[in-house]
Number of protein chains: 2
Amino acid sequence: MDITLKEAAQRLLDADHILILSHQSPDGDTLGCASALLRGLQSLGKKARFLCSDPVPRKFNYLFAGIEPQEFSTEFVVSVDIADRQLFGKGLAEYVDQVDLCLDHHGTNGDFAKERYVDAKAAAACEILFQVLKEMQVEISPEIADCLFTGISTDTGCFRYGNVTPRTHHMAAELIELGAHAADINREMFDTKSRTRVAVERYALQSMTFHFDGKCAVLFLPISMVEELSAEEGDLDGIAAMPRQIEGVLAGVTVREKPDGTLKVSLRTNQPLNAADICAVFGGGGHAAAAGCAFTGKSFEEVKAMLLGEIGKQMERCGL
Amino acid sequence: MDITLKEAAQRLLDADHILILSHQSPDGDTLGCASALLRGLQSLGKKARFLCSDPVPRKFNYLFAGIEPQEFSTEFVVSVDIADRQLFGKGLAEYVDQVDLCLDHHGTNGDFAKERYVDAKAAAACEILFQVLKEMQVEISPEIADCLFTGISTDTGCFRYGNVTPRTHHMAAELIELGAHAADINREMFDTKSRTRVAVERYALQSMTFHFDGKCAVLFLPISMVEELSAEEGDLDGIAAMPRQIEGVLAGVTVREKPDGTLKVSLRTNQPLNAADICAVFGGGGHAAAAGCAFTGKSFEEVKAMLLGEIGKQMERCGL
């Protein structure tokens, strides 16, 4: 059931022994929400704990610095930035039907919780958490400000994307005033690349191929490369954005080979091309500008030929 | 002589036939200021013109779209974002001593104008222009908002750097409310790379060398590469940031060979290293985190050895 922001804050004020859940493959927003809420609840003298199906990536460790783990028998479960049941991950499967309160900013939210507050206009779930914490009269410490700023900054590509609203910027201003270390966080999130990441980017730039007069770029990330470079998930983060970033490219294709041989396709398009329509042909889906599909039992060359065929057809229909 | 923001606005209101000057090698901030002021003055029925020593880079053409060139005999000269005499460039040398009003955000402003308003806390000169235009009661159109947003976004690396203040974010929010096409501008400025740029980055990633256990990275951009790739200034923009972006690198050195054989060094450091101190040894200067120097009649290998020697000495002094 949908409830108001005020009601959501009241539920948290009324509760104790609160378990906070983040989505699997956690990012800066779900972790920023969880750590900010954890700190806020503990500052009110409540007991709170955090769980996630996957480990917290090293670069986000600072969000939880100084928080003492509290053991208790859970009385209230709140999920942050979790859009759907399957995003809980294997480690949290037991909680999927036990969520008392869901705080989220995905318009597609799966309505799995007893009560939820969803604001699809929020660029980051941390925008919602900021409001909830203020409604709860939590004093926003510099540490909480860092957590909330991290979520807002990472979910907007450092204020770059179309999801940014005036409110996003006003909140960033307020968080800096409250002590958020904005420049340090941004440098760590956006201006620091691991040596492995550099090697992956070098590989990507070397191996990318161009088609349809430069309007389509294709990048293949074979498992052999990933293993050879000992690349981890974090080193491959956002690589799928590279092909479409090149001037003139309207369709950027990234094909990643998984350990089981599956080829996972990520397609990014600019108007007038529609990524979701192209991926739908192969049983996939997504948004107009970013969609995906997967192939098993096919070689990269076969998959590439099929994708280029569909992309070419759509280009023709668009008069490109 | 230093004047107040109010006085600066009054000078512009009192003037007509106003010539607006940008600095050489113009960037988004100086061009954002100039185009916003040009539009603002013309909206008040005044005659205004814009001059720059170098051509406006293609990607900034939209700032001036729809502005009609006005011919007149100059009565008032205003410089925007010009920190010092030598930044006027050859094409504007005749105006260096004729500036009536200087609007700038560089703490090091050379005080070349009859009157000036300098606010070193402004992340971008466009922050100042926004205030001046509001003080002048100019109606901020979506076009003017685009110009001002461009300056603020580009001079802060899209709100990434340490120069961003709460005011910067509040202004960004206000400009989006006024109709600035923030996401489109950011995509054009930060998420679009020319094919040549991609080739330059590939070259950079391939040729970078690491020293002192990965704490120093050195990048050489020979003139032969620049010519072979037909790289223009815009394609090399910001390349000097690449070495220090790599995890663990405290000193990022970029050496660029100029057509006359001069080797221009750009040094970026993280604490505790001090770029200005290292470059000072070679007659250069700059800030603690970013400085430069130049060598003539030396080979890259010689220059590299000299730089690594100094960097090594400073590392030792810092106990690294």
Has A:Ser153 got a side-chain atom pairing as donor or acceptor with A:Phe149's backbone, closer than 3.5 angstrom?
no

*asked:* Would B:Arg195 pass as a cation-pi partner of A:Phe210, given that its NZ or CZ must be under 6.0 Å from the six-membered ring centre and within 45 degrees of the axis?
replied: yes

Scored by heavy-atom pairs under 4.5 Å with chain A, the best of B:His169, B:Arg160, B:Glu247 is B:His169

Looking only at A:Arg202, A:Met242, A:His181, the option with the highest number of non-hydrogen pairs under 4.5 Å against chain B is A:Arg202

**Asked** Does B:Asp237 offer a backbone N or O that forms a donor-acceptor pair with the side chain of B:Arg197 under 3.5 Å?
**Response** yes

Max heavy-atom pairs within cutoff under 4.5 Å with chain A, candidates B:Val249, B:Asp191, B:Thr192, goes to B:Asp191

Subject >> A:Arg39 side-chain N/O to A:Ile144 backbone N/O, donor-acceptor pair under 3.5 Å >> reply: no

Given B:Gly157, B:Ala183, B:Pro166, the one with more heavy-atom pairs under 4.5 angstrom with chain A than any other is B:Pro166

